[in-house]
Amino acid sequence: MFRTHYCGKITKAELDEEVTLSGWVHRRRDHGGVTFIDLRDREGLVQVVFNPQLSETVHQQAHGLRSEYVIQVTGKVALRLEGTENTSLSTGEIEIHVSDLVILNPSKTPPFLIEDEEEVSESLRLKYRYLDLRRASVQQHFILRHQLSQAVRQFLNDNNFLEADTPYLTKSTPEGARDFLVPSRLNPGTFYALPQSPQLFKQILMISGFDRYYQVVRCFRDEDLRSDRQPEFTQIDLEMSFVDQEEILTLMEKMILKVFSEVQSLQLPEPFPRLTFQEAMDRFGSDKPDTRFGLELKDLCDIARRSDFKVFRTVLEKGGKVKGLNAKACAKLSRKEIENLTDEAMSRGAKGLAWMKVSDIGLEAPITKFFKPELLEEIRKTLEGEAGDLLLFVADKEQVVYDVLGSLRLSLGKRLNLIDSSVFQPLWVTDFPLLAFDGTEKRHVAIHHPFAAPMDEDLPLLESDPLKVRAQAYDLVVNGVELGGGSIRIHKQEIQSKVFELLGISKEDADSKFGFLLEALQYGAPPHGGIAFGFDRMVALLAGVESIREVIPFPKTQKGICLMTDAPSDVDPLQLKELYIKKERAIKAP
RNA sequence: GGGGUCGUAGUUCAGUUGGUUAGAACGCCGGCCUGUCACGCCGGAGGUCGCGAGUUCGAUUCUCGUCGGCCCCGCCA
């Protein structure tokens, strides 16, 4: 038997018992005479003592132990000598007096110390991920991940959801992200795609009468990576039949409340605030606003129209917008700092950044001369300017104004330390538009996805003014992080075909890509809808880490490389031949 | 595809306004040490300054390129 107990779980209850422990040598303190080892396993550390008085041979053996050796010790649990207890250790009152030692496996000196506090570059950590994962603080993230997935499953099971698997080798679909392709050997020249989401299959499951489905499922998207985006990631994916949007939001809110309080004892505000897409854009310049701080955007179109400021008036005449935000207590910023803000604004597409400082006597800036005193006072009132504030204005096309002020708001919020990181601020964003117009592709694209149902009252607009149609779609946003999104789906074939048409997908294309869905919709498809949560993002949020790489056991770098295995890599030409694949260009040798 | 930033012992970093022998801490190796827990003390080893080219009498330092990590824009239904 390798062990009778976990190292970190030994307590005074085992006093005087003989125990056997197996684990890694965390630290060695060799005093020549007595030698101490902190022995580590998943559950924690315990001090084991090698004393020559107990066994000269074992003490000799212990002298040769090194970091990360895997050993097995047998000995008696004893109270530590008075005054030598270690209060920072859960096992700090006891120690193991070792009578027998087996070196199960020696270890090379690790490239970095297995210590929580040790700061190591991420690339080294990922190359030696198995060593990095030995660190308690890193393991903690994965324990949290496990607990969260269990809590979610528990909730969904209790609410009558069935877990079902959907294929990973599936059909490539147009729209959306790039697919990862997998060549089919049995069908030369054809390819499977790895799913970007189980979307179509879960809808088919509803048509099958599963009624409620969920899956904690891996999804794949061949797009560029970010701190919150990996090529493979995990979603909590679910779908329900015979529900409306309200029922889904209510149930999901219950789920989030429950699992957040279960795994992290977080009490979220109840009910979650809701914002329509339009409100979110108007007030925060973003469809995933961080509502933990103010600095809200204010509309100044009306005031600007009455001013003599050409820049603003021209924009308005062309149908643009003028909005502003109040950078609290930023009047003290130097010319240089304001220039930096301007650069930031321009990098987001603004042509410039107008500003005014609020002082005791009113607004001060080169541009105030274009505004009558009463207009200046209106501006100050609208933005609630107090002495010492800096007012920022952007005039441009609506989308640019939102983008620029939305990102300025965020960076100012961070810079001015307005964000209380202990607060969790959830939010439903609803009433998304169904479609947007893609200027480069010169066609409509789906905001959520092509299967989201239009709002019933907007159905007539599908013909007359499609961009005005709102979708029965919703996002869950927490602290500015998009944690999940979903919609009521189209369950009538005619409407689905109509939406494909609006998206510029020909009938032939629709049939060849989604024919199975269009057909299934004609066999008694129930009204249905669902949602998918970004599980990695949720864990990262709860763990308080910036990057989802911290909560994925074996993540990839920004170039999509696994530093541990060196995937992706070249393959044997024979493999390619079997798959009828020929490389067009030789790849550079690594 | 684009912008930014970083790359110096095993690790985290300092440094070099272009110049003989590139430093610190931790880690590692050896010795001493019977109550430590970031043990202590003494000694030691360890470097293609990411890679390549250019400028120069001389490049880790300057220039250009390149590779890689990270952050961001585009992209991500």
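Quick note on labels: first sequence line is chain A, next is B, and so on, each numbered from 1.
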Chemist: What is the separation between atom CG on A:Leu113 and atom P on B:C26, rounded to the nearest whole Å?
Modeler: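 Going from A:Leu113 (CG) to B:C26 (P), I get 11 Å.
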Chemist: Is it the case that the base of B:C76 and the side chain of A:Arg221 share a donor-acceptor contact (distance under 3.5 Å, atom types as modelled)?
Modeler: no
Chemist: When rounded to the nearest Å, what value does the distance between P atoms of B:G47 and B:A53 take?
Modeler: 22 Å
Chemist: Now, which nucleotide makes the Watson-Crick or G-U wobble pair with B:C41, with each of the two distances under 3.5 Å?
Modeler: B:G31
Chemist: Has the side chain of A:Arg226 got a donor or acceptor that lies under 3.5 Å from a partner of the other kind on the base of B:C70?
Modeler: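 In this structure, the two groups form no donor-acceptor pair.
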Chemist: With respect to the phosphate group of B:G69, does any side-chain polar atom (N or O) of A:Thr557 fall under 4.0 Å of OP1 or OP2?
Modeler: yes
Chemist: I need the CG-P distance between A:Asp403 and B:C72, as an integer number of Å.
Modeler: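 It works out to 16 Å between those atoms.
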Chemist: Hey, does the side chain of A:Arg348 come within less than 4.0 Å of B:C73's phosphate (OP1/OP2), counting only N and O?
Modeler: yes
Chemist: Tell which nucleotide pairs with B:U56, taking only Watson-Crick or G-U wobble pairs whose two distances are both under 3.5 angstrom.
Modeler: none
Chemist: Please report the distance separating the C1' of B:C76 from the corresponding atom of B:C13, rounded so that it comes out in whole Å.
Modeler: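 One C1' to the other, the span is 37 Å.
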Chemist: Going by centres under 5.5 angstrom and planes under 30 degrees, do the aromatic ring of A:His31 and the base ring of B:C39 stack?
Modeler: yes
Chemist: Can you tell me the base-pairing partner of B:G7? Count Watson-Crick or G-U wobble geometry only, both distances below 3.5 Å, and say none if there is no partner.
Modeler: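 Checking every strand shown, B:G7 finds its partner in B:C67, with both distances under 3.5 Å.
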Chemist: Looking only at atom P, what distance separates B:C72 and B:A9, rounded to whole Å?
Modeler: 27 Å
Chemist: Where the side chain of A:Lys559 is concerned, which of B:C75, B:U34, B:G68 is the nearest nucleotide?
Modeler: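 Nucleotide nearest to A:Lys559's side chain: B:G68.
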Chemist: May I ask you to check whether A:Phe432 and A:Tyr474 place their ring centres under 6.0 Å from each other?
Modeler: no
Chemist: Is B:U61 paired to anything, Watson-Crick or G-U wobble with both distances less than 3.5 Å, and if yes, which nucleotide?
Modeler: none
Chemist: Over how many whole Å does the gap from A:His63 atom NE2 to B:C29 atom P extend?
Modeler: 11 Å
Chemist: What integer distance in Å separates A:Arg135:CZ from B:U11:P?
Modeler: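 From A:Arg135 CZ to B:U11 P: 14 Å.
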Chemist: I want to verify a distance call: between B:C71, B:C75, B:G35, whose nearest atom is closest to the A:Ser227 side chain?
Modeler: B:C71
Chemist: Does A:Arg549 reach a base, just sugar-phosphate, or nothing at all? Heavy atoms under 4.0 Å.
Modeler: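 The residue A:Arg549 makes sugar-phosphate contact but no base contact.
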Chemist: Between A:Arg40 and A:Glu68, is there a side-chain N and carboxylate O pair less than 4.0 Å apart?
Modeler: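 Salt bridge present between A:Arg40 and A:Glu68.
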Chemist: If you look at every strand shown and take non-hydrogen atoms under 4.0 Å, does A:Ser67 touch a base, only sugar-phosphate, or nothing?
Modeler: sugar-phosphate
Chemist: Does B:G30 have its OP1 or OP2 closer than 4.0 Å to a side-chain nitrogen or oxygen of A:Arg66?
Modeler: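 Yes, A:Arg66 has a side-chain N/O under 4.0 Å of OP1/OP2 on B:G30.
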Chemist: Distance under 6.0 Å and angle within 45° of the ring axis: does A:Arg549 meet both against A:Phe554?
Modeler: no
Chemist: From C-beta outward on A:Arg29, which listed nucleotide comes closest to its side chain: B:G27, B:G1, B:C37?
Modeler: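 Nearest to the side chain of A:Arg29 among the choices is B:C37.
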Chemist: If pairing requires Watson-Crick or G-U wobble contacts with both distances under 3.5 Å, which nucleotide is the partner of B:A14?
Modeler: none
Chemist: For the C1' atoms, the ones on B:A25 and on B:C67, what distance do you get once it is rounded to whole angstrom?
Modeler: 30 Å
Chemist: With both distances under 3.5 Å as the test, what is the Watson-Crick or G-U wobble partner of B:U21?
Modeler: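 The base-pairing partner of B:U21, which may sit in any strand shown, does not exist here.
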Chemist: Could you tell me whether A:Asp41 and A:Arg134 have a side-chain N and a carboxylate O separated by less than 4.0 Å?
Modeler: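 Here A:Asp41 does not pair with A:Arg134 in a salt bridge, since their nearest N and O are not under 4.0 Å apart.
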Chemist: What is the separation between atom CG on A:Asp566 and atom C1' on B:C67, rounded to the nearest whole Å?
Modeler: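 It works out to 14 Å between those atoms.
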Chemist: Nearest heavy atom decides the nucleotide; on that basis, is A:Val445 or A:Ser121 closer to the 5' end of RNA chain B?
Modeler: A:Ser121
Chemist: A:Ile114 CD1 to B:G10 C1': how many Å, rounded?
Modeler: 13 Å
Chemist: Verify the ring-centre separation between A:Phe36 and A:His31: is it less than 6.0 angstrom?
Modeler: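 Yes, close enough.
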Chemist: Got a salt bridge between A:Lys288 and A:Asp475, using NZ or NE/NH1/NH2 to carboxylate O under 4.0 Å?
Modeler: no
Chemist: Side chain of A:Asp30: nearest nucleotide among B:G68, B:C33, B:C37?
Modeler: B:C33
Chemist: Of the candidate nucleotides B:U36, B:C76, B:C71, which contains the atom at the shortest distance from the side chain of A:Gln47?
Modeler: B:U36
Chemist: Using a strict cut-off of less than 4.0 Å between a Lys/Arg side-chain nitrogen and an Asp/Glu carboxylate oxygen, indicate whether A:Arg135 and A:Glu115 qualify as a salt bridge.
Modeler: no
Chemist: Over all strands shown, is A:Leu503 touching base, sugar-phosphate only, or nothing at heavy-atom distances under 4.0 angstrom?
Modeler: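 No contact.
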Chemist: Have a look at A:Gln53 and say if it touches a base, only the backbone sugar-phosphate, or nothing, with a 4.0 Å heavy-atom cut-off.
Modeler: base
Chemist: Nearest-nucleotide wise, let me know which of A:Leu225 and A:Ser123 is further upstream toward the 5' end of RNA chain B.
Modeler: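 It is A:Ser123 whose nearest nucleotide is closer to the 5' end.
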Chemist: Given the P atoms of B:G54 and B:G2, what is the spacing between them in whole Å?
Modeler: 26 Å
Chemist: Taking atom types as they are modelled, is there a donor-acceptor pair under 3.5 Å from the base of B:G35 to the side chain of A:Glu95?
Modeler: yes
Chemist: Take the angle between the ring planes of A:Phe514 and A:Phe500 and call it parallel below 30°, perpendicular above 60°, tilted in between.
Modeler: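 Rings of A:Phe514 and A:Phe500: parallel, as their planes differ by under 30°.
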Chemist: For A:Pro52, which contact category applies under a 4.0 Å heavy-atom criterion: base, sugar-phosphate, or nothing?
Modeler: base
Chemist: Looking only at atom P, what distance separates B:G46 and B:U36, rounded to whole Å?
Modeler: 35 Å
Chemist: Does this structure show an ion pair linking A:Arg470 with A:Asp458, if we count only N-O contacts that are shorter than 4.0 Å?
Modeler: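 Judged by the 4.0 Å cut-off on N to carboxylate O distance, A:Arg470 and A:Asp458 do form a salt bridge.
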Chemist: Tell me: CZ of A:Arg28 to C1' of B:C33, nearest whole Å?
Modeler: 13 Å
Chemist: Assess whether a salt bridge exists between A:Glu14 and A:Lys9, defined as any Lys/Arg side-chain N lying under 4.0 Å from an Asp/Glu carboxylate O.
Modeler: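 Not counted as a salt bridge, because no side-chain N and carboxylate O are separated by less than 4.0 Å.
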Chemist: Among B:U11, B:C37, B:U34, find the nucleotide with the atom closest to the side chain of A:Asn86.
Modeler: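 Looking only at side-chain atoms, A:Asn86 lies closest to B:C37.
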Chemist: So what does A:Leu563 touch, heavy atoms closer than 4.0 Å: a base, only the sugar-phosphate, or nothing?
Modeler: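 Contact class for A:Leu563: none.
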Chemist: What do you reckon, do A:Phe36 and the base of B:U36 stack, with centroid distance below 5.5 Å and planes below 30°?
Modeler: yes
Chemist: Using atom C1' in both nucleotides, what's the gap between B:G19 and B:C62 to the nearest angstrom?
Modeler: 15 Å
Chemist: Please state the P separation for the pair B:G7 and B:U63 - nearest whole angstrom.
Modeler: 14 Å
Chemist: Among the nucleotides B:U12, B:G27, B:C71, which one has an atom lying closest to any side-chain atom of A:Gln558?
Modeler: B:C71
Chemist: Give A:Asn51 one of three labels, base, sugar-phosphate or nothing, depending on what nucleic acid heavy atoms sit under 4.0 Å from its own.
Modeler: base
Chemist: Starting at atom NZ of A:Lys127, determine the distance to atom C1' of B:C70, rounded to an integer number of angstrom.
Modeler: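 So the NZ-C1' distance, A:Lys127 to B:C70, works out to 18 Å.
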Chemist: Would you classify A:Pro111 as touching base, sugar-phosphate or nothing, given that sugar-phosphate means primed atoms plus P, OP1 and OP2, and contacts are heavy atoms under 4.0 Å?
Modeler: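 Touches sugar-phosphate only.
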